[in-house]
Each structure stands twice: as structure tokens, then as C-alpha cells.
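As C-alpha cells, the structure follows; a few thoughts come after it.
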Protein chains: 2
Amino acid sequence: MVTIQDIANKAQVSAMTVSRVITGSAPEKVSAATRARVLKIAEELGYTPNIAARALRAKCSFLFGLVVSGIDHSFTASIVEGIQEVAMSKDYSCLLYITRGNTELEIRSLEALVAKQADGIIWVPNKQIPVCIPKLSQRVKIVQLLNKEVDHLPAVLVDQVRGQYLATSYLTQLGHRYIGYVMKNDRHSRERLIGHRQALADAGIYSSPVINLENDWSGQVDAIRLFLTENPQITAIAASTDMLAWCAIQAAGHLGRRIPDDLSITGFDNIELATQVIPALTSVDQPKKNLGQVAMQVLTRYIQGEEVEDVTMQTQLVVRNTTANNGSRSVALRPGPAADR
Amino acid sequence: MVTIQDIANKAQVSAMTVSRVITGSAPEKVSAATRARVLKIAEELGYTPNIAARALRAKCSFLFGLVVSGIDHSFTASIVEGIQEVAMSKDYSCLLYITRGNTELEIRSLEALVAKQADGIIWVPNKQIPVCIPKLSQRVKIVQLLNKEVDHLPAVLVDQVRGQYLATSYLTQLGHRYIGYVMKNDRHSRERLIGHRQALADAGIYSSPVINLENDWSGQVDAIRLFLTENPQITAIAASTDMLAWCAIQAAGHLGRRIPDDLSITGFDNIELATQVIPALTSVDQPKKNLGQVAMQVLTRYIQGEEVEDVTMQTQLVVRNTTANNGSRSVALRPGPAADR
DNA sequence: CTGTTAGCGCCTTCAC
DNA sequence: GTGAAGGCGCTAACAG
């Protein structure tokens, strides 16, 4: 371990001078010659600052925590990437805690982070809000990501309602009038349903079949198949997640309905799978990487004691191959998008 | 921030006594009464040890890094879970670095970890080995996970060859004689090919069509479809990953071949997707969580200066619904697995 | 421009 | 059983 003192000895200057060079603070207080010499020796000796000492002195650990339920389907991976990028540039390191949706584990993770003296936490809340949050939030700065579950803590969010509005509007513009909504029963899916209904209303459509699926996997495809059979007039499905959209693709396949000719499908999240399924999925893209970047920026500002406000980010519709005009096989015969049926 | 001194003042004892109680070292050196009192006050004050100070003193950061190319398809998630579990029990925190397969980023991550004084690193190497590894490995303890790319560093591995041997053997036991191997061109897939060939050889089969796919997604399904068309005698496919197996399912679907009746398929990795596709995928399970646990155990022993050796872990075949006897529709007519054709 | 002093919170060492 | 001293590596604050 090479210390500042070592450099000071070799360079024949005081430790303080070395410190000034290393940290780059108050550059006017050290001559160019000294600076060069110190830098050279630091390089030679392979000096790396001791963050523990620094943290002790600065009363700031340069550590923050990321508490997420899981890192599946490349969604969180992109977020982490964004976080990482900003964190690196600010000399912050990311402590990762995965909770698997387990509230018990979530609490332990948050507490561990306090114990570890993390300066802040980026937290993707689960359904259940741990009761300890108010207590913990006095000791660390917590930024909520994706879900705003606790009122007085800042949050970085995505406008789910508007996102689904984009997707469903696109379907109505393609001339679809009977659009089924396939959802599971979680917070985002419910928010998206609101956007779905807004889009329908704006297109003058006031009813739409909805199927609300349980959260486990078994039988989802079958359930959607039944849903399609019972609602034969459906020409398009808006799914509240890409995974559900994928189930819908499979269900349609079993019924012999071709996509997008016989049935249009939209997803939400734009996960990697969306490009890997065949046909590639039209989906609402969440700005994942950007989300991570913004969250980290908000967190650092929050840590520094600045006032921070909630940020809501927007989505984008990515059109791929699962959507087509209603009755697309005869689309060439029609002059433009059907205004009515 | 509550310090040991604060507790000492309030408890009317020396800081040293408090320290002894808190750390639990040399318990015989403090009376039960004092201990109880100190503990009570620590609790009241909400004391949490300052790890920065501890790290400074102990010359040990209690931090380790995890450097992975990505966290996709729940594979790494389980590994991280295992790592986390052991790490928590040993008071270690995990710094996560995601490299996206980018060697540049990988180097920066490893160097950042050295700069951050991480005690050790669990590293899942990419194809290209950063040249800086030998230099870095003098300053941190590095354990390789999944790939052994650097000879003199310990590794925690999975027996890929044996894993594929299990899958292909199962297919031969089901009476399949024409088994296509679908792979991409990476290290694990190549190792698995060896196991595949061993299993075939042990069943007296000495040739098998192999298709080696590029690493991007576009056209994989089509490529497999072509492969199946050009090798019509194939009754089973051993895919070197679950994702490829999934592509094979899609390709088979396009050709109107029913699974498992007309075509058996095995995957490898047993990712979450394997249970979500229809039909559910027969796959070789990698002991993901266990892998993480073992890696972390090896790392802590390594950090403590113990001699550590490579660990190779075994896989398990998980039979689901994509595999059936060759000619399964008439299987009831046959007395047992076909010994020859 | 440069140097000295002091202390962040913890715990090993030695003395009582 | 208990306590006092000292230092890990770093850097504000204050002299010169």
C-alpha cells in the first residue's frame, strides 16, 4: 500500500502538498514544478488513494445502494448500466441488493445499507412498503425508482398512462375497434389500463374486453386463448407487458390466427425478448438506461443536500411486426386508414 | 452519527470496553453486567459501526466486486442471489459492475475495484482477457466464475461437458439416433459439443449434424428451419442454450412439426424461460445459486490468505415436455427403448 | 506557495 | 476485568 506520505518522502515535500496535488483542490496553491514531480512519483509508485481513510475523513462513504426485486429480462440491466455510468463519473460505487420480491429481504437490504454507511439508496419498491422506511429515510437519502410508494421521498418515474395511450392509440389508428387488454394485477398494469381506456375513449370506443391474469406462469397462454375464443370479435390485443404479449402470440398461434394479419398485438417495456420473438413485437419502450442515469443524478444531488423533485420520463412506441391495419390483407385496396368500420 | 465514545460516555465506561462488547472479541474480558448495560445503551442510541473507520483500521474494506458482462435471463440473478447470501453472512458487500461484453469497460471496472480497495473480485470473464489481469491480480484476490481464462487464478466452474452428456444421453435413451446439435460459437457451447459427441459415441452413434450460429438474433430461427429441412432424418435437437432451444421450438412450429411427438428438443442452462415456453423445455440445470454461494466462499477463503483450489460443479437434467421417445406416437407398441435402429 | 497540527472512529497493544 | 495511548491514511484549518 502506497500512501501519500510515501510520495511526500520521495518527493521531498510535505504530505499536505502531495494531497493537494492528488485531490486537485486549490490548484493555485502548488507550483507547476512540484505538481509535475509529485504526479510522476505517484505514478511510479502506483499510488491509489485509500477510500476508507477518505471516507472516514469526509464523513461520506461514496457508496450507494441499489435495491431491486430482481434483474430479469434485461430491464434492470439497462437501468444498472445507466446508473453505473453516472456513478463512475462521480466516483460513486454501487452496492447491489436483490430482494426477489421478498419484503423481509428488502428490509434487511435497506438496513444493511444503512449499517454500511451508504450515502444514498436507489430503491425500486415492491408492492409492500416496509414499515421501517420512515425511520431509515432519516439516515440515508432514498430515491424511489419506477414506483412512488412513499410520498415524502423523491421518485424517478415513467409515465405509464401515456405509454399505454401511445400503444392503444396506434391500434385504433390502424382501424382496430375491438381491442382486448391483457394485464396482470400489478400497479403498472393498472396504470397502463387507464391510458388504454383514455385512448379508446379518444377514438370513440367505450368498451373493451379486459382479462386480468394471475401472476404465475402456468396457464396464462391457455387463459388468453380462452379469452380470444370467447371474444371472437377482437382484432387487436394490447398487453400490459411484453411477456404477456408473448403469451398472446403463443395463444394466437394455437388458434391458428396469423400475426399481424389476423390479430395485432402490442407489448410494453420493450425488453430484449421483444426483438427475439417472431414476429418481432411492437412495444412501448421505457427509457431504461436514461432512467438509471437520471436516478443517479437525482440521488447525488439529493445527497449533496439539494432540493430534488420527482422526475417523470416519457416512453416511446417502437413499431415492429406484430401490428397491422385491421383487415390488413385487403389494406392495399383501401385508400387510407379506416376512419370507422 | 453515534460513536463508540458516545456510548462510553453514557455508560460510564471506557471506549475500549464498549468496543470489546460491540465486536464480541475477547468476551471473557468484560463482565456480564457491563456488557448488558453497554448493549442496552447502544441499542437506545441506535449505534451502527462506522465501516470506514473499521476498514481503515483493519486494512480491509469488506467490499468485493462482481464483474459480469450482463445480467440476462435470470441466470446471473440467481448467481448474485447466492453470492449475496454468503456475503451478508460474512459482512461483505458486493460492488456490481456490468460490462456488457465490452473489454474496455471490463478493464475500467476491474481497475475501479482496485482503486476502491475491494478485497476481492468475482469475475465472470468474457472472451477477451484483459492484459492488465496479471498486474491487477497482485493487488486484489480474483476468483474466476464460469470460465477459467487465467491459469494461476482460482476458478469456480460448471462441468459443461458432463452436462451436455446428460442431455444427449437422455435423447439416445429415448431411442433417438439422428440428433442435431444447434450451437453458437462460444466457449461453453464448444465444450458442450464435446459432451454431446461423447454421449453419441457411447450410444454407438458416430455422426451428427451440427449447426453453428452467429451470435446475433436475426435469422436464427430461419437458420434452424433450414437446418431441419436439409436434415429431414433428424428426430431430436440438442441445443447448446435454452435460447437456441427456444428458437428451435419456433422453427419446428413453422415447419408444422409437433413437439415432442415429431421432434424432441433439449436446452441448456434451465433459465426461467424454460418453464415459460410451451411446451416447457427439457434442459440441463446449472446450479446457479449454489455457484454464487461457492464462489463467495472461495473468495473469502482466498482473501484470508488460504490456499484455494478450483471447484467444478455438476449439472442436472430437468425433464419437461419437449422430449419424448423416438416415434412416441407408437411408443406404446414398443417394449422398451430401442437398442439399435 | 509550503508546511504543521490535529482529528475523523475504530481497535491492537500494553499497562493496571 | 478495565483503561490509556497511539496510529491506520487522509485532509481541513491555520500558520508561515
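Just so it is clear: chains get the letters A, B, ... in the order the sequence lines come, proteins before strands, and each one is counted from 1.
- You can see that DNA chain D meets the heavy atoms of chain B within a 4.0 Å-exclusive cut from D:dG1 to D:dG9, reading 5' to 3'.
- Within 4.0 Å of B:Gln5, counting heavy atoms only, lies no atom of the nucleic acid at all.
- Side-chain contact annotation: A:Gln144 with A:Glu149, donor-acceptor N/O pair under 3.5 Å absent.
- Ion pairing between a basic and an acidic side chain is recognised when a charged N comes within 4.0 Å of a carboxylate O; A:Arg187 and A:Glu191 show such pairing.
- If you check every strand for non-hydrogen atoms under 4.0 Å, B:Arg54 touches sugar and phosphate atoms only.
- Applying the salt bridge (Lys or Arg N to Asp or Glu O under 4.0 Å) rule to pairs touching residues 36-48 of chain A yields A:Lys10-A:Glu44, A:Lys40-A:Glu44, sequence neighbours excluded.
- Rounded to an integer number of Å, the gap from A:Asn50 CG to C:dC8 P is 18 Å.
- Using a 4.0 Å heavy-atom cutoff across all strands shown, B:Ile4 reaches sugar-phosphate atoms only and no base atom.
- Residue B:Leu146 forms a side chain to side chain contact (heavy atoms under 4.5 Å, CB included) with just one option from B:Val68, B:Val156, B:Thr76, B:Ile79, and that option is B:Ile79.
- Note that CG of B:Asn270 is 10.5 Å distant from OG1 of B:Thr315, once rounded to the nearest 0.5 Å.
- Put simply, CD1 on A:Ile51 is 15 Å from C1' on C:dC8, counting in whole angstrom units.
- Taking CZ of A:Arg108 as the start and OG1 of A:Thr103 as the end, the distance is 13.0 Å to the nearest 0.5 Å.
- In this structure, the separation between CD1 on B:Ile271 and OG on B:Ser78 is 11.0 Å, given to the nearest 0.5 Å.
- Ionic pairing of B:Asp151 and B:Lys148 is not present here: no N-O contact between side-chain nitrogen and carboxylate oxygen is shorter than 4.0 angstrom.
- Rounded to an integer number of Å, the gap from B:Met1 CE to C:dC8 P is 13 Å.
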Enumerate the protein-to-nucleotides 2-5 of chain C contacts in which both atoms are nitrogen or oxygen and the separation is below 3.5 Å.
from, atom 1, to, atom 2, distance (Å)
C:dT2, OP1, A:Thr34, OG1, 3.1
C:dT2, OP2, A:Ser31, N, 3.0
C:dT2, OP2, A:Thr34, OG1, 3.3
C:dG3, OP2, A:Ser14, N, 3.0
C:dG3, OP2, A:Ser14, OG, 3.4
C:dG3, OP2, A:Thr17, OG1, 3.0
C:dG3, N7, A:Arg20, NH2, 2.8
C:dG3, O6, A:Arg20, NH1, 3.4
C:dG3, O6, A:Arg20, NH2, 3.2

